[in-house]
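These notes are about the structure you will find just below.
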Amino acid sequence: MSQLLVPLILALYLEYHGPTLMLEGETMNVSATKAQPDEQTFGQRLKARRKARSLTLTELALRSSVSASTISKIENGGVSPTYDVILKLAEGLAIPVREMFGETIIDTNEDPRPSGWQVVGRPDDYDLLDTENYEHRYLCSSLKTKRLLPVLVKLKAGSIAEFGELVRHDGEEFIFVLQGKVELHSEFYATVVLNVGDYAYLDSTMGHAYVSGSDEDAEILCICAGQVSFESDAKIVI
């Protein structure tokens with residue numbers, strides 16, 4: 001059933017512009033980034049963008065408020081960055097967040113992409129980003145220009161106390177429960193329990209968190225949409 005819903009959900013969201021990222025914990029874990037042999041890892045892309053701007057580790061550290069040692073570990077695949085760290089690095093480099101994942105930005109002054117395209121995915125076609133609270137599997141990573149960010153997310157935290165502070169980021173997101181029981185905690189609403197087949201759609205700027213509501217593994221499909229860009233002075237422009 002969930003396999004049939006994925007293309008339908010994606011089609012319903014095509015009117016939205018530009019993906020944003022989501023759902024990161026507060027600490028960094030060992031990276032388990034999956035990449036095709038001819039594709040760059042997240043760390044390699046970060047290093048390439050830093051060097052393209054002729055920035056040293058120390059200079060990027062000053063611009064992003066991320067330590068030079070942490071940046072070096074990310075570039076070399078030693079650790080996997082949280083969302084907050086990715087956001088700070090993008091700000092320090094003065095680039096959109098989605099460019100950190102190898103995606104290009106659609107120029108609205110140019111003609112739109114040709115119609116009639118499609119992407120077919122296989123079970124092992126994804127980019128993996130593993131953090132304290134979530135295991136993210138970013139889908140359709142071969143499509144470098146897209147308006148949505150589809151992610152399969154495995155939930156690690158079993159309680160909001162274990163999860164920590166609620167997460168906020170730009171854009172909107174839709175989630176569909178694929179497995180287990182999910183507790184949706186949000187800033188302005190009472191906690192909601194979602195079971196397999198349930199879904200939610202929310203403003204991502206509102207504090208929110210997804211935690212497992214049972215001993216069974218919980219997994220959701222999350223589709224993020226929105227528009228994020230950065231000025232040269234690293235201020236976010238929505």
Side-chain angles (χ1 to χ4, degrees), residues 1-26 29 82-84 97-98 118-141 143 146-228:
M1 175 180 175
S2 61
Q3 291 178 340
L4 295 176
L5 283 170
V6 172
L8 174 60
I9 294 170
L10 291 176
L12 290 173
Y13 276 77
L14 285 177
E15 64 186 51
Y16 290 94
H17 299 282
T20 58
L21 299 180
M22 60 165 291
L23 302 177
E24 300 303 333
E26 294 299 321
N29 296 334
T82 66
Y83 171 76
D84 288 341
V97 171
R98 57 189 180 273
Q118 70 176 19
V119 173
V120 175
R122 306 300 180 188
D124 59 349
D125 291 341
Y126 57 84
D127 286 334
L128 179 65
L129 183 61
D130 196 8
T131 64
E132 183 179 21
N133 288 323
Y134 304 105
E135 177 188 286
H136 303 76
R137 283 172 286 166
Y138 291 94
L139 307 178
C140 304
S141 56
L143 183 62
K146 54 181 177 283
R147 297 180 176 90
L148 303 174
L149 188 64
V151 193
L152 290 175
V153 184
K154 288 187 177 180
L155 312 185
K156 294 184 176 182
S159 67
I160 191 62
E162 181 183 354
F163 185 95
E165 186 177 352
L166 297 178
V167 175
R168 299 169 183 81
H169 54 88
D170 298 306
E172 301 174 347
E173 61 195 74
F174 174 93
I175 68 162
F176 184 90
V177 181
L178 300 173
Q179 180 181 348
K181 182 179 294 186
V182 175
E183 292 182 4
L184 167 56
H185 297 263
S186 59
E187 188 174 3
F188 304 126
Y189 294 85
T191 300
V192 178
V193 176
L194 303 174
N195 295 297
V196 174
D198 293 341
Y199 58 88
Y201 182 24
L202 60 134
D203 174 6
S204 304
T205 64
M206 174 181 66
H208 59 283
Y210 307 112
V211 303
S212 178
S214 68
D215 294 334
E216 181 185 2
D217 291 339
E219 183 174 7
I220 61 175
L221 167 67
C222 182
I223 301 175
C224 295
Q227 185 170 357
V228 178

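This is a predicted model, so every value here is computed, not measured.
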I want to check something: taking the side chain as every heavy atom from C-beta on, are [X] and [Y] in contact at a cut-off of under 4.5 Å?
{"X": "Glu173", "Y": "Val151", "answer": "no"}
{"X": "Leu155", "Y": "Tyr134", "answer": "yes"}
{"X": "Gln179", "Y": "Glu216", "answer": "yes"}
{"X": "Val153", "Y": "Tyr210", "answer": "no"}
{"X": "Leu152", "Y": "Tyr126", "answer": "no"}

Please report the closest heavy-atom contact between [X] and [Y], naming both atoms and the distance.
{"X": "Gly171", "Y": "Asp203", "result": "O-OD1, 3.6 Å"}
{"X": "Leu184", "Y": "Leu194", "result": "CB-CD1, 4.4 Å"}
{"X": "Ile220", "Y": "Leu178", "result": "C-CD1, 4.0 Å"}
{"X": "Leu148", "Y": "Ala225", "result": "CD2-CB, 3.8 Å"}
{"X": "Ile160", "Y": "Ala209", "result": "CD1-CB, 3.8 Å"}
{"X": "Ser186", "Y": "Leu166", "result": "C-CD1, 4.2 Å"}

Will you find, in the side chains of Thr191 and Glu183, an N or O donor that is under 3.5 Å from an N or O acceptor?
->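 Not at all, the side chains of Thr191 and Glu183 share no donor-acceptor pair under 3.5 Å.
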Nearest-0.5 Å distance, [atom1] of residue [X] to [atom2] of residue [Y]:
{"X": "Asp130", "Y": "His136", "atom1": "CG", "atom2": "NE2", "answer": "9.0 Å"}
{"X": "Lys181", "Y": "Asp198", "atom1": "NZ", "atom2": "CG", "answer": "10.5 Å"}
{"X": "Glu135", "Y": "Leu129", "atom1": "CD", "atom2": "CG", "answer": "9.5 Å"}
{"X": "Glu162", "Y": "Asn133", "atom1": "CD", "atom2": "CG", "answer": "7.0 Å"}
{"X": "Phe163", "Y": "Ser212", "atom1": "CZ", "atom2": "OG", "answer": "13.0 Å"}
{"X": "Glu187", "Y": "His208", "atom1": "CD", "atom2": "NE2", "answer": "10.5 Å"}

Check whether Lys154 reaches the backbone of Arg137 with its side chain - one donor and one acceptor, N or O, closer than 3.5 Å.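 Flag not set: sc Lys154 to bb Arg137 has no pair under 3.5 Å.
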